[in-house]
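Since the structure comes first, as structure tokens, the remarks are kept for the end.
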2 protein chains.
Amino acid sequence: MNIELLLQHISKHISLTNEEEEILKSFLHSKKIKKKHFLLQEGEVNKTATFVTSGLLRIYSIDKNGFEHILQFAPPGWWIGDMKSVLTQQPATLNIDAIEDTEIIWISKEDLEKLYAAVPKFERFFRILAENSIASHQQRLVNNLSLSAAERYNNFCQLYPSLIQNLPQKQVASYIGVTPEFLSKMLSNLSEKK
Amino acid sequence: MNIELLLQHISKHISLTNEEEEILKSFLHSKKIKKKHFLLQEGEVNKTATFVTSGLLRIYSIDKNGFEHILQFAPPGWWIGDMKSVLTQQPATLNIDAIEDTEIIWISKEDLEKLYAAVPKFERFFRILAENSIASHQQRLVNNLSLSAAERYNNFCQLYPSLIQNLPQKQVASYIGVTPEFLSKMLSNLSEKK
DNA sequence: AAATTTTCTTAATCTACATTAAGTTCCCTG
DNA sequence: CAGGGAACTTAATGTAGATTAAGAAAATTT
């Protein structure tokens, strides 16, 4: 289990004693997910908090016509989950799968509550994490409501320069909310204009 | 200051001793915002957490063509803020104003940190609050990416039945992401089909 | 209650993006 | 390294929703 990235990430927001670090570790598990395999499927309950240490996950919904809509990518150092399912422990409406071979660290919902009880600092950590996530969601919403497809694409490239290298174009299309055909046309227009 | 609604809201997630309640109260302020007046304008720093006790606020961005895009309404019992500005203490890109005469309870960012130090339970409270907000944002994103305007409208009506009564149609249009003209047309089509 | 502003409606025209349908290139995997 | 499915491209056609423009209705202000 590559716990270094997680500890580093945590230390940006709270500092842990050795003892607290040990308590944390006692609750953690790791798991590998092969490319194209699922971490969570619509209908299952999302019972864990998930932190990516290597590879790449995506979380997406499938609409009534079978089209996928990607809410978020999770490269190393990111958390991912169907928050409604985690909170209510009802079946998820979102899917999480691996775009590349991926390794995660996870903690069960019950153990997370135990961790909060044992080391209340983690309430703070996850509060800060959640607040940052809200800030991103607000920005994403603004972008989706006010920008054109080309502007959303440029924005994505600026925000995730390293992601854009390795991602299949159709995944980017699904994230910014256009069809792969339209994105393809858009990009060829952009490049010939230069 | 009508603090009852706030205490009631807090007690759904954590329970406070009388002493802790007093500490909380010592940090709180109240304020009235008249209809059409601003609580926060683009360019100002969002320095407080805001809880609505009566009336109705909205938070929105203004795009480069001057069009408004509403991210959220805040009726009594809701929190509202430009989270990026709150976290970074940089100028806000969002605006908050009153759709009706409104009364809020607010706490400054500094005092909130003091509150966390004095009563760590509040870290838990705001963590839970933030996590619920993420769940809503994920759902909103899914809706915006996968539903038609008519479906988003119906969804809004189901989610906020009481809001829809009092809101000007153009505000609803701005929230679901269509022009007022299109919403008007859509509604008259819907009603004549029945 | 007149005046002014804001909201809502209707209708014609326009456009960003979707859909459909090929064909092509790129990969994985055997 | 062959072949079979993904991923990407191109192009024709279709459509949800935008834009523009005007007038009507409703709400606010004086």
Side-chain angles (χ1 to χ4, degrees), chain A residues 34-37 55-56 58 60 62-70 73 97-102 143-157 163-193, chain B residues 34-37 55-56 58 60 62-70 73 97-102 143-157 163-193:
Chain A
K34 291 225 151 242
K35 187 171 174 167
K36 292 191 184 173
H37 286 221
L56 182 62
R58 60 170 187 160
Y60 59 99
I62 301 179
D63 70 25
K64 60 176 192 288
N65 301 314
F67 291 106
E68 297 173 355
H69 304 277
I70 299 179
F73 297 104
D97 67 14
I99 294 181
E100 302 165 11
D101 288 1
T102 295
N143 291 345
N144 283 2
L145 289 171
S146 61
L147 301 183
S148 69
E151 289 168 325
R152 293 195 308 273
Y153 178 80
N154 287 329
N155 202 69
F156 183 86
C157 293
L163 266 187
I164 204 86
Q165 312 295 338
N166 315 312
L167 269 184
Q169 226 175 79
K170 62 174 293 198
Q171 309 278 11
V172 179
S174 170
Y175 181 94
I176 67 174
V178 296
T179 57
E181 292 83 357
F182 185 73
L183 179 55
S184 171
K185 189 170 131 192
M186 210 175 78
L187 292 179
S188 75
N189 285 349
L190 277 180
S191 63
E192 84 188 17
K193 273 182 190 165
Chain B
K34 290 225 152 243
K35 186 170 176 170
K36 293 190 182 173
H37 286 220
L56 182 62
R58 62 171 184 157
Y60 60 99
I62 301 179
D63 70 24
K64 60 177 191 286
N65 302 314
F67 291 107
E68 297 173 356
H69 304 277
I70 299 178
F73 297 104
D97 66 15
I99 293 180
E100 302 165 9
D101 288 359
T102 295
N143 291 345
N144 283 1
L145 289 171
S146 62
L147 301 182
S148 68
E151 289 168 323
R152 295 197 304 276
Y153 178 79
N154 287 330
N155 201 69
F156 182 86
C157 294
L163 266 187
I164 205 86
Q165 313 295 339
N166 315 312
L167 270 184
Q169 227 176 76
K170 62 174 293 197
Q171 310 277 13
V172 179
S174 170
Y175 181 94
I176 67 174
V178 296
T179 57
E181 293 84 358
F182 184 74
L183 179 57
S184 171
K185 187 170 132 191
M186 210 176 76
L187 292 179
S188 76
N189 285 347
L190 277 179
S191 62
E192 84 187 14
K193 271 183 190 162

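Throughout, protein chains are lettered first and strands after them, A, B, ... in sequence-line order, and every chain is numbered starting at 1. Excluded from the calculations below are hydrogen atoms, water molecules and symmetry mates; all remaining heavy atoms, backbone and side chain alike, are included.
- Residue B/F182 contributes atom CZ, which lies 16 Å from atom P of C/dA11 at whole-angstrom precision.
- Atom-to-atom distance recorded for A/N143:CG and A/I176:CD1 is 11.0 Å, nearest 0.5 angstrom.
- Of the candidates C/dC17, C/dT19, C/dT9, C/dC17 carries the atom nearest the A/S148 side chain, counting heavy atoms from C-beta on.
- Here the closest non-hydrogen pair linking B/K35 and B/I99 is CG-O, 3.3 Å.
- Checked by atom type and distance alone, the side chain of B/N65 never pairs as donor or acceptor with a backbone atom of B/F67 at under 3.5 Å.
- Nucleotide C/dA18 holds its C1' atom 12 Å from the CG atom of A/N65, rounded to whole Å.
- The separation between B/D63 atom CG and D/dA18 atom C1' is 13 Å, rounded to whole Å.
- Between A/F67 atom CZ and C/dT20 atom C1' there is a gap of 11 Å when expressed in whole angstrom units.
- Both B/L147 and B/K36 lie near DNA chain D, and the one whose nearest nucleotide falls closer to the 5' end is B/L147.
- The pair A/R58-A/D97 counts as a salt bridge, with a side-chain nitrogen and a carboxylate oxygen less than 4.0 angstrom apart.
- What separates CG of B/L183 from P of D/dA18 is a distance of 10 Å, to the nearest Å.
- For the residue pair A/G177 and B/L145, the shortest heavy atom distance occurs at CA-CD2, 3.9 Å.
- Residues B/L56 and B/L167 meet the side-chain proximity criterion, which asks for heavy atoms closer than 4.5 Å.
- Note on the helix from C/dA1-D/dT30 to C/dG30-D/dC1: terminal axis deviation equals 60°, with five pairs used at each end and the result rounded to 10°.
- Here the P atom of nucleotide D/dA16 and the CG atom of B/N189 are 11 Å apart, to the nearest Å.
- Aromatic ring pairs are classed by plane angle as parallel below 30°, tilted from 30° to 60° and perpendicular above 60°; the pair A/F73 and A/F156 is perpendicular.
- Listed in residue order, the members of residues 167-179 of chain B having a heavy atom less than 4.0 Å from DNA chain D are B/G177, B/V178, B/T179.
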query = Can you check side-chain contact (heavy atoms from CB on, under 4.5 Å) on B/M186 and B/N189, steps first, answer last?
reply = CA-CA 5 Å; B/M186 210 176 76; B/N189 285 347; 5.7 Å; no
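- Out of C/dA21, D/dT20, D/dC8, the shortest distance to the side chain of B/E181 is found at D/dT20.
- Proximity of a side-chain donor or acceptor of B/Q171 to a complementary backbone N or O of B/P168 within less than 3.5 Å is not detected.
- Looking only at side-chain heavy atoms (C-beta outward), B/N154 and B/L147 stay at 4.5 Å or farther from each other.
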Which protein N or O atoms sit under 3.5 Å from an N or O of nucleotides 27-29 of chain C?
none

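- For B/S188, a side-chain nitrogen or oxygen approaches OP1 or OP2 of C/dT10 to under 4.0 Å.
- Computed from coordinates, the B/I99 CD1 to D/dT28 P distance equals 13 Å when rounded to whole Å.
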